[in-house]
**Student:** 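If you scroll down you'll find the structure; I have some questions about it.
In this text, all values refer to a predicted model and were calculated from it rather than measured experimentally. Just the heavy atoms: all of them, side chains too, but no hydrogens, waters or symmetry mates, feed the values below.
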Amino acid sequence: MLTFPHVHRRPTRRRTRKRTTTALLTAALLCGGLALAPGATGLPSTVLPSVADPAATATTPVRVNQAGYLPDGPKRATVVTSAARPLTWQLRSASGAVTASGRTVVHGADAASGEATHTVDFSAYRRSGSGFVLVVDGQNSAPFDIRADLYDSLRSDAMAFFYHQRSGTPIEASLVGPAYARPAAHIGVAPNQGDTNVPCQAGVCDYTQDVRGGWYDAGDHGKYVVNGGISAWLLVDSFARAERAGTESALGDSTLRISERGNGVPDVLDEARWELDFLMRMQVPDGKPYAGMAFHKIHDAAWTGIPTRPELDSQPRELHRPSTAATLNLAATAAQCARVFRPYDSAYAKRCLRVARTAWTAAKANPALYAPESDSTGGGPYNDTQVTDDFYWAATELYAATGERAYRNAVTSSPWHTSSGALTPTGFNWADTAALGRLTLATVPNGLPASDIRRVRASVTAAADGHLAMMAGQGYAVPIPANGYVWGSNSQVTNNAIVMATAYALTGRQRYRAGVLESMDYLLGRNTLNLSYVTGYGDTYARNQHHRFWANQYDASLPNPPAGSLAGGPNSGLQDPVAQEHLPGCSPAACYIDDIGSYSTNEVTVNWNAPLAWLAAFAAERCPPRD
């Protein structure tokens with residue numbers, strides 16, 4: 001049994017110290033139309049599509065989105081070739097008929113992959129079908145579809161990831177299939193030693209706390225407030241965005257594979273509530289030292305091996321000391337809960353707001369209580385000593401929820417309110433959250449002056465334009481720079497795509513939607529590895545992500561990750577033994593291996609799947625192009 005201790009998802013780049021319209025969006029900017037719910041029942045196939053062994057699959061130089069393209073979206077591909085002149089391409093149907101043709105555009109060297117490339121644009125072809133192949137210079141791409149419902153199943157599968165990751169409840173075979181079903185874990189039933197009565201680490205507190213529920217963070221059984229916070233925020237924001245666009249029915253009640261189906265509450269909010277309830281349980285009780293703060297994390301006292309089913313985890317569980325960052329995550333997500341849940345469960349919304357106010361007050365009283373970097377035994381440290389961005393994010397959410405002057409003043413007095421560093425080329429993440437506040441102010445009606453709103457929205461579109469410019473300069477059109485292939489690079493791709501999707505909502509300009517869809521192309525196969533990073537999607541896809549239960553590579557009785565699971569992606573830091581052995585000298589975009597032992601390139605985690613789910617819901621909408 002291998003045991004790979006590891007530090008989870010801390011960005012490998014050194015964190016640089018950051019320098020310090022009341023009306024609804026008009027109907028003309030809304031998507032319009034009714035997006036279809038994913039399937040008549042919303043229930044999955046219990047078996048992943050068959051796929052050839054990646055090691056035995058011939059690598060084609062013609063790289064496409066292996067899942068396919070939308071009829072009204074961009075349709076571009078990359079060809080690896082050193083040819084100095086354009087080449088002829090043909091789009092062929094499943095029968096072999098030529099349906100479109102043209103000439104490639106010579107791009108030249110692609111810095112991130114180290115490859116010489118051409119690009120193909122067949123966007124003008126808008127007919128639907130399956131089994132298309134792009135042929136360039138006698139070389140065939142993987143087959144792909146062109147259809148309007150292309151992303152419907154991914155919308156459902158990417159959201160279902162969170163139900164799979166639930167702690168403290170049975171995962172039901174009727175919802176996920178027998179291979180993925182398991183008993184409730186970490187509810188105080190042996191051999192588990194948590195999570196209904198968890199003690200603190202020595203010296204942190206002298207009591208125990210009920211912190212059951214929530215999502216397991218990643219491939220281990222830890223639960224982290226700062227990572228859970230951004231993940232829950234993204235799921236709730238996904239629904240709020242769809243509400244503004246008039247397409248929320250696709251995420252409504254009985255659209256997802258969860259046990260709360262049919263309760264009258266949108267399913268995506270039910271799923272987020274599973275995590276929100278846990279986050280609120282992590283708040284230090286009244287009458288205790290640091291009351292109102294949030295414990296930073298809860299996890300095993302020592303690293304467990306792979307495989308370890310969650311209900312068989314026998315490690316002691318420990319609460320780790322409160323932190324300002326965790327407390328502000330709680331304040332921000334609970335305030336967002338108060339705003340978005342209000343029409344569906346007013347009592348719950350009021351509870352969320354009470355928690356958010358308490359957390360904000362506690363964070364203001366303890367503004368520099370940091371999680372130590374050294375606290376990495378049994379779980380990642382998620383250390384963060386720059387929390388002014390978290391204060392800004394929490395203030396924006398409290399202001400959006402209440403409209404109160406104190407929170408407005410906290411927003412406008414923050415250096416992040418006017419900083420150009422809130423939205424960066426490398427994207428936001430759990431440690432860099434100012435962008436979340438900026439996106440909320442840009443999209444949620446609030447009482448800031450019209451000039452402020454214009455500036456905030458302009459910063460979003462400017463950032464989106466920067467991502468588009470970066471994509472245009474690359475052979476694979478990826479919205480991160482060549483030095484952006486860090487731990488969890490795929491989440492940086494998805495987070496930047498969310499910025500572009502927000503710019504599309506604000507302006508209706510088709511180029512932003514095209515940027516989002518081309519980002520999905522990268523994740524689904526148009527990349528230097530000719531591999532879809534999303535399990536179950538494409539001709540060849542990642543299937544051995546780092547996980548203690550989805551560990552088929554180590555134990556054939558256990559499953560591979562379920563469809564819709566996003567691998568972390570290329571990481572030029574090579575921070576695990578498997579990557580170090582197999583990937584020395586790799587180009588940044590090629591520093592990935594589909595091996596369960598490569599936790600620095602191939603883990604799954606909630607804060608990577610959350611933006612994927614957000615984008616899949618966006619891409620699945622039947623939106624006519626606008627400009």
**Student:** Has the side chain of Asn496 got a donor or acceptor atom that lies under 3.5 Å from a matching backbone atom of Pro425?
**Tutor:**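 Checked: pair present.
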
**Student:** Looking only at non-hydrogen atoms, find the nearest pair between Thr601 and Ala579 and report the distance.
**Tutor:**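 Nearest pair, atom of Thr601 first, then Ala579: CG2-CB, 4.3 Å.
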
**Student:** Indicate the atoms forming the closest heavy-atom contact of Gln545 with Leu566, along with that distance.
**Tutor:**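 Closest pair (atom of Gln545, atom of Leu566, distance): NE2-C, 4.3 Å.
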
**Student:** Say whether, by atom type as modelled, one donor and one acceptor occur between the side chain of Ser532 and the main chain of Tyr537 under 3.5 angstrom.
**Tutor:**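 Judged by distance alone, yes, a pair lies under 3.5 Å.
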
**Student:** Could you report the tightest heavy-atom contact between Gly214 and Trp274, atom names first, then the distance?
**Tutor:**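 It is O-NE1, 3.1 Å.
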
**Student:** Got a sec, which residues hit side-chain hydrogen bond (donor to acceptor under 3.5 Å, both in side chains) with Asn602, two or more places apart in sequence or on another chain?
**Tutor:**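 Testing Asn602 for side-chain hydrogen bond (donor to acceptor under 3.5 Å, both in side chains), a comparison that skips the adjacent residues, returns Tyr592, Asp594.
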
**Student:** Is it true that Ser598 and Asp576 share a donor-acceptor pair across their side chains at a distance under 3.5 Å?
**Tutor:**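 Looking only at side-chain atoms, Ser598 and Asp576 do form a donor-acceptor pair, the distance falling under 3.5 Å.
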
**Student:** Can you sort out the partners of Glu243 under side-chain hydrogen bond (donor to acceptor under 3.5 Å, both in side chains), two or more places apart, ordered by chain and number?
**Tutor:**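 Expected list: Tyr344.
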
**Student:** Should Ile498 and Phe618 count as side-chain neighbours, where that means a heavy-atom distance under 4.5 Å?
**Tutor:**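 Heavy-atom side-chain distance check fails, nothing below 4.5 Å.
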
**Student:** Over 60° means perpendicular and under 30° means parallel, so classify the ring planes of His299 and His320, tilted if in between.
**Tutor:**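 The arrangement is tilted - the two ring planes meet at 30° to 60°.
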
**Student:** Say whether, by atom type as modelled, one donor and one acceptor occur between the side chain of Ser419 and the main chain of Trp416 under 3.5 angstrom.
**Tutor:**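 A pair under 3.5 Å: no.
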
**Student:** Which residues pass the side chain to side chain contact (heavy atoms under 4.5 Å, CB included) test with Ala616, sequence neighbours left out?
**Tutor:**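 With neighbours one apart ignored, the set is Leu154, Arg155.
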
**Student:** Before you tell me yes or no, could you show the steps for Trp614 and Asp237 under side chain to side chain donor-acceptor pair (under 3.5 Å), namely the whole-Å CA-CA distance, both residues' side-chain angles and the distance that decides it to 0.1 Å?
**Tutor:** CA-CA 8 Å; Trp614 196 109; Asp237 187 66; 2.9 Å; yes

**Student:** Spell out, as yes or no, whether a donor-acceptor pair under 3.5 Å connects the side chain of Asn227 to the backbone of Ser231.
**Tutor:**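 Checking the backbone N and O of Ser231 against the side chain of Asn227, no donor-acceptor pair under 3.5 Å is found.
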
**Student:** Between Trp430 and Tyr382, is the ring-ring contact (aromatic ring centres under 6.0 Å, His included) condition met? List the steps.
**Tutor:** CA-CA 9 Å; Trp430 63 266; Tyr382 283 103; 4.8 Å; yes

**Student:** Considering residues, nucleotides and ligands other than Tyr407, do more than 12 of their heavy atoms fall under 6.0 Å from its OH?
**Tutor:**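 Enclosed.
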
**Student:** What pair of heavy atoms forms the shortest contact from Leu398 to Ala356, and how long is it?
**Tutor:**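 Heavy-atom minimum between the residues: CD2-CB, 3.9 Å.
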
**Student:** Minimum heavy-atom separation for Val387 to Pro367, with atom names?
**Tutor:**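 Looking at all heavy atoms of both residues, the closest pair is CG2-O, 3.7 Å.
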
**Student:** Would you confirm whether Ser587, through its side chain, and Ala589, through its main-chain N or O, come within 3.5 Å as a donor-acceptor pair?
**Tutor:**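 Looks like no, no N/O pair under 3.5 Å.
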
**Student:** When you measure from the side chain of Asp121 to the backbone N and O of Arg76, does any donor-acceptor pair fall under 3.5 Å?
**Tutor:**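 Checking the backbone N and O of Arg76 against the side chain of Asp121, no donor-acceptor pair under 3.5 Å is found.
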
**Student:** Out of curiosity, Leu423 CG to Asn495 CG, how far, rounded to the nearest 0.5 Å?
**Tutor:**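 Going from the CG atom of Leu423 to the CG atom of Asn495 covers 11.0 Å.
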
**Student:** Between the main-chain N or O of Ala294 and the side-chain N or O of Thr327, is there a donor-acceptor pair closer than 3.5 Å?
**Tutor:**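 Such a contact is found between Thr327 side chain and Ala294 backbone.
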
**Student:** Please report the closest heavy-atom contact between Phe239 and Glu248, naming both atoms and the distance.
**Tutor:**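 Heavy-atom minimum between the residues: CE1-CB, 3.6 Å.
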
**Student:** Residues in salt bridge (charged side-chain N to carboxylate O under 4.0 Å, His left out) with Arg354, at least two apart?
**Tutor:**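 Result, salt bridge (charged side-chain N to carboxylate O under 4.0 Å, His left out) vs Arg354: none returned.
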
**Student:** With rounding to the nearest 0.5 angstrom, report the CH2 to OG1 distance, Trp393 to Thr440.
**Tutor:**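 It is 9.0 Å, given to the nearest 0.5 Å.
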
**Student:** Could you check whether the rings of His417 and Tyr392 sit parallel, tilted or perpendicular, using 30° and 60° as the cut-offs?
**Tutor:**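 Tilted, since the angle between the ring planes falls between 30° and 60°.
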
**Student:** Backbone N or O of Lys75 within a donor-acceptor pair of the Ser123 side chain at under 3.5 Å?
**Tutor:**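 Side chain of Ser123 to backbone of Lys75, a donor-acceptor pair under 3.5 Å: yes, one is there.
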
**Student:** Is a donor on one side and an acceptor on the other found under 3.5 Å between the side chain of Gln336 and the backbone of Glu397?
**Tutor:**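 A pair under 3.5 Å: no.
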
**Student:** Could you check whether the rings of Phe162 and Trp215 sit parallel, tilted or perpendicular, using 30° and 60° as the cut-offs?
**Tutor:**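 Tilted, since the angle between the ring planes falls between 30° and 60°.
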
**Student:** Sequence neighbours excluded, which residues qualify as salt bridge (charged side-chain N to carboxylate O under 4.0 Å, His left out) partners of Asp375?
**Tutor:**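 Salt bridge (charged side-chain N to carboxylate O under 4.0 Å, His left out) check on Asp375 returns Lys297.
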
**Student:** Quick check: does any side chain N or O of Arg63 sit under 3.5 Å from a backbone N or O of Thr528, one acting as donor and the other as acceptor?
**Tutor:**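 Yes; at least one donor-acceptor contact below 3.5 Å.
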
**Student:** Under the salt bridge (charged side-chain N to carboxylate O under 4.0 Å, His left out) rule, collect the residues that match up with Arg511, sequence neighbours excluded.
**Tutor:**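 If we apply the salt bridge (charged side-chain N to carboxylate O under 4.0 Å, His left out) test to Arg511, skipping adjacent residues, the hits are Asp465.
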
**Student:** Among side-chain atoms of Asp390 and Thr433, is any donor-acceptor pair under 3.5 angstrom?
**Tutor:**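 Per modelled atom types, Asp390 and Thr433 side chains form a pair under 3.5 Å.
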
